[in-house]
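Take a look at the structure set out below.
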Amino acid sequence: MSSFTIALAGNPNSGKTTIFNALTGARQHVGNYPGVTVEKKSGTFIENGHPIEVVDLPGTYSLTAYSEEEQVARRFVLGESPNLIVDVADASNLERNLYLAVQFMEMGQPLVLVLNMHDVAANRGIKIDHQRLSSLLGAPVVPTIASHGKGLNVLKSTVLHRAERDNSLNSTKLSYGGDIDAALDELEPLLANDSFCRERFNPRWLALKLIEHDEELTELAQNNLKQSEDVFAIVKRVTIHIESTLDDLPENVVSDYRYGFITSVIKECVTRPEVDRRTLSDKLDKVLTHRMLGPIFLLAVIWALYEFVFTASETPVGWVETIFGWLGSAVETGMADGLLKSMIVSGVIDGVGGVLGFVPLIMFMFFFIAILEDSGYMARVAFILDRVLRSFGMHGNSMVALIVSGGIAGGCAVPGVMATRTLRDPKERLATILVAPFMNCGAKLPVFALLIAAFFSAHQGTMMFLITLLSWAFALIAARILRGTIIKGESSPFIMELPPYRIPTLRGLLIHMWERTWQYIKKAGTIILAVSILLWALMTFPSLPEEKATAIEAETTQGVAEDVVANKLAEAELAHSVAGRVGRALEAITQPLMGFDWRTNIALVGGFAAKEVVVATLGTAYSLGEIDPEESESLSERLANDPGWTPLSAFALILFIMLYAPCFVTVAVIKRETQSWKWAGFSMLYTTAAAFVIATAVYQVGSFLGIGV
Ligand code: BGO
């Protein structure tokens, strides 16, 4: 018969001693923990023939190791690796008692939660749904009234059952907000690769403790980790970041999120008689997370946000466009004609310039997203939409991933796909990974902004709002189909942290806004620049054979106006280039089905590198085809004036861009996260097929009904 050791933990006065005595009876002995004066009591009981040793840990509220009791409890758990932690909680005061349980969960310890003092809770009218609590915590929950010996037999059998089981169970991964989560994701593999850490600690837990500046573990890590410099560089970076953006210490933020998690657990599992002991956060949540009012308020917030962002950024976007217009004209007149000039004007200025033109809009967008995040409202968004998500076969935590990916336009699917790591169920995770790229990332935003400005300028915010709703609808429907067919399975329980609301600091908002805007600018100056030049080359070479050019030019002598001939020449050159030929070959399919001409086709192929490239490529294509450089129209004006475009074809293009293959960085991340080229390939194919079908359907029905033509 195998024997087991369990550690009995709990807050002082939770009834731990009563349970210890009831379990072990006379089979007890008392000693001391080594090196300290704290008393160590242990004893045994036999369950189903198995001897089970119970070590009574000192009563503690936390495991921060500030007091001797906390240190003893933590060292015992880490050093002696008991088979199981039995955490005794006072059911009449669950919030406070769960704080300790959550810390054991973070450590990755197998746990049984005892809800003692059930009589006291019942007398106060508190009802606890312990089955739901158990599924949310991922640990068995046993209600007891220890002073009357009630529930102890169930406790004994549960303990044996749980101790016998393979305990390689994954701990619940709490989220501590984007910044700390990202640092944990970075630290975890570093620590997992270090033998010192791996043999003693759960790497993610150690990472968290280092971010919390736990003195004991920081010293230990500094002296023993091989890559301690790298590790502490990350810790320092996130500390400075949190201090400057939230004006708070990381340890406080972590504890806020722990309480946030507990608040949500309590909200889900505990009902108590109405007494108004609510905090301001609770009062706000009463309205903001209300079943009916919550979603209405959310939709109003998103609509107002787009309205404001599009209206407020119109003028500054115009300024930046004018600056690039001047720059183009200056180079045009100042440089001798030739390939270099063409590359600078059409490839760089009209290509990358088009992308940079949207910097003011991006800045406004990120500023408001930062307000939603820093105030704590974004966590509520997830909470509100959780119910919707579950009915479509995803998990509440999928929400976080979808919002990060651009659920409110402006995110990015790369961190979005990575954020699915918090999902424990592999099927829910896969479904979320596959639909996250439907969201409107910051790279699609300039493309939408361009098309909206050109064809729907009277209703910019409302149009963006509609696009957002559509992308959610497509993502949810796709998830439902995937979960009903190739990734079938049950959905797992979910709990979302509801940290208290905070008033964001202006400094924090500006830092968050700038960080993301800078990423956007950097991307425009590197990858977009490189792809723009490549596409310029593909749109320029091979050059038109001499005799054809001369034949077109000869038309001037036949009385055809000079600018008409120049226009013909530019178009013939473009049509002769590699990209021109590919674009035109595709045009045979895309033009009748979706209304896309060859320029759009090239832009869409380029957009696979990064979606902003669609703007850059259209900029280059229209610039190369243009004959009068003095007339520096903005790209949206050029599109609006092109008779080949209609609002309907623009709308079909918006839908196509929203849905078609994720950019190659996202595909690479999908491969890494799913560990499969098959799923990465699938994510490209099914999204492109969906884009094709939907854009075609909309264009055909629209044309038939005569809408937007
Ligand atoms: C005294 N229900 C109720 N109502 N009380 C309980 C329960 C329960 O389920 N479980 C334990 N208690 P400890 P820690 C006491 O000692 O085990 C009571 O610190 C008293 N003492 O009987 O010591 C338990 O080890 C005089 O109460 O907790 C004990 O975790 C009058 O909770 C107290 C009334 O339990 C703390 C109670 C002289």
Side-chain angles (χ1 to χ4, degrees), residues 5-33 36-45 52-77 82 84-104 109 111-131 133-134 137 139-159 262 266 269-273:
T5 304
I6 63 168
L8 202 59
N11 291 10
N13 279 324
S14 58
K16 199 161 58 63
T17 311
T18 315
I19 290 187
F20 178 75
N21 289 338
L23 288 179
T24 59
R27 292 176 299 274
Q28 297 186 0
H29 71 255
V30 179
N32 270 60
Y33 285 99
V36 289
T37 52
V38 179
E39 198 176 70
K40 179 184 181 186
K41 281 196 294 178
S42 57
T44 45
F45 70 93
I52 297 180
E53 187 185 14
V54 189
V55 176
D56 187 24
L57 299 179
T60 57
Y61 293 105
S62 175
L63 288 177
T64 39
Y66 285 133
S67 69
E68 204 169 36
E69 281 76 15
E70 289 182 8
Q71 265 174 24
V72 165
R74 193 165 89 177
R75 281 185 200 154
F76 180 83
V77 172
L84 189 65
I85 309 282
V86 175
D87 181 14
V88 181
D90 173 353
S92 66
N93 192 358
L94 203 54
E95 276 101 331
R96 191 208 262 187
N97 282 253
L98 278 183
Y99 196 73
L100 186 65
V102 165
Q103 290 177 74
F104 284 123
Q109 291 295 328
L111 188 74
V112 167
L113 183 71
V114 179
L115 288 185
N116 193 35
M117 311 252 183
H118 225 256
D119 52 335
V120 182
N123 284 341
R124 292 191 195 155
I126 301 170
K127 291 195 189 93
I128 302 172
D129 178 348
H130 49 87
Q131 269 152 358
L133 181 62
S134 165
L137 298 181
V141 172
V142 183
T144 60
I145 306 175
S147 51
H148 292 92
K150 285 197 180 154
L152 296 174
N153 286 336
V154 179
L155 177 60
K156 283 185 194 170
S157 61
T158 309
V159 163
I262 293 168
I266 299 281
C269 311
V270 180
T271 39
R272 58 180 101 226

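One-based numbering, in listed order, for ligands and for the atoms of each. Fair warning: this is a prediction, and the values are worked out from it, not measured in the lab.
Between the OG atom of Ser134 and the CG atom of Leu113 there is a distance of 9.0 Å, given to the nearest 0.5 Å. Note: Asp56 CG to Asn21 CG = 8.5 Å, rounded to the nearest 0.5 Å. With rounding to the nearest 0.5 angstrom, the OG atom of Ser14 is 11.0 Å from the CG atom of Leu115. To the nearest 0.5 Å, the span separating CG on Asp90 from CG on Asn11 amounts to 8.0 Å.
Not a single N or O atom of His118, backbone or side chain, sits closer than 3.5 Å to an N or O atom of ligand 1. For ligand 1, the polar-atom distance check finds no N/O of Val120 at less than 3.5 Å from any of the ligand's N/O atoms. By the 3.5 Å distance cut-off applied to N or O atoms, Ile145 is not counted among the residues near ligand 1. For a threshold of 3.5 Å applied to N or O pairs, the pair formed by Thr17 and ligand 1 contains at least one separation below that value. The shortest N/O to N/O separation between Gly15 and ligand 1 falls below 3.5 Å.
When hydrogens are left out, the protein atom nearest atom 6 (C) of ligand 1 is Ser147 OG, 3.5 Å; that is the closest non-hydrogen contact. Among all non-hydrogen protein atoms, the one lying nearest atom 4 (N) of ligand 1 is Asp119 OD2, 2.9 Å. Taking atom 36 (C) of ligand 1 as the reference point, the nearest protein heavy-atom neighbour is Asn13 OD1, 3.9 Å. Shortest contact from atom 17 (O) of ligand 1 to any protein heavy atom: Thr18 OG1, 2.5 Å. Atom 32 (O) of ligand 1 has its closest protein heavy atom at Met117 CE, 3.4 Å. For atom 10 (N) of ligand 1, the nearest non-hydrogen atom of the protein is Asn116 ND2, 3.1 Å.
Here Val88 has no heavy atoms under 4.0 Å from ligand 1, in either its backbone or its side chain.
Counting only distance, with no hydrogens or angles, the side chain of Lys16 and the backbone of Leu57 share a donor-acceptor pair below 3.5 Å.
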Exercise for the section: May I have the step-by-step check of side chain to side chain contact (heavy atoms under 4.5 Å, CB included) for Leu63 and Val77, ending in yes or no? Expected result: CA-CA 10 Å; Leu63 288 177; Val77 172; over 6 Å; no

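Annotation: side chain of Lys127 is not in contact with side chain of Asp129 (no heavy-atom distance under 4.5 Å). When side chains are defined from C-beta on, Ile19 counts as touching Leu155, because their heavy atoms get closer than 4.5 Å. Side chains of Ile266 and Arg272 form a contact here, defined as non-hydrogen atoms less than 4.5 Å apart. For the pair Leu98/Leu137, a side-chain contact is recorded, criterion being any heavy-atom separation below 4.5 Å from C-beta on.
Using 4.0 Å as the threshold, Gly59 has no heavy atom nearer than that to any atom of ligand 1.
Close contacts between ligand 1 and Lys16 involve ligand atoms 14 (P), 17 (O), 25 (O), 28 (O), 30 (O) [criterion: under 4.0 Å to a heavy atom]. Within ligand 1, the atoms closer than 4.0 Å to a non-hydrogen atom of Ala146 are 8 (C), 9 (O), 10 (N), numbered from 1 in the order shown. Ligand 1 places these atoms under 4.0 Å from at least one heavy atom of Asn11: 30 (O).
When distances from atom 29 (C) of ligand 1 to the protein are checked, no heavy atom turns up under 4.0 Å. For atom 26 (C) of ligand 1, no protein heavy-atom neighbour is found at a distance under 4.0 Å. Atom 21 (N) of ligand 1 is not flagged as protein-proximal [any protein heavy atom, distance under 4.0 Å].
Residue Leu84 forms a side chain to side chain contact (heavy atoms under 4.5 Å, CB included) with just one option from Ile52, Val112, Leu8, and that option is Val112.
Within a 6.0 Å radius of NZ in Lys150, other residues, nucleotides and ligands contribute 12 heavy atoms or fewer.
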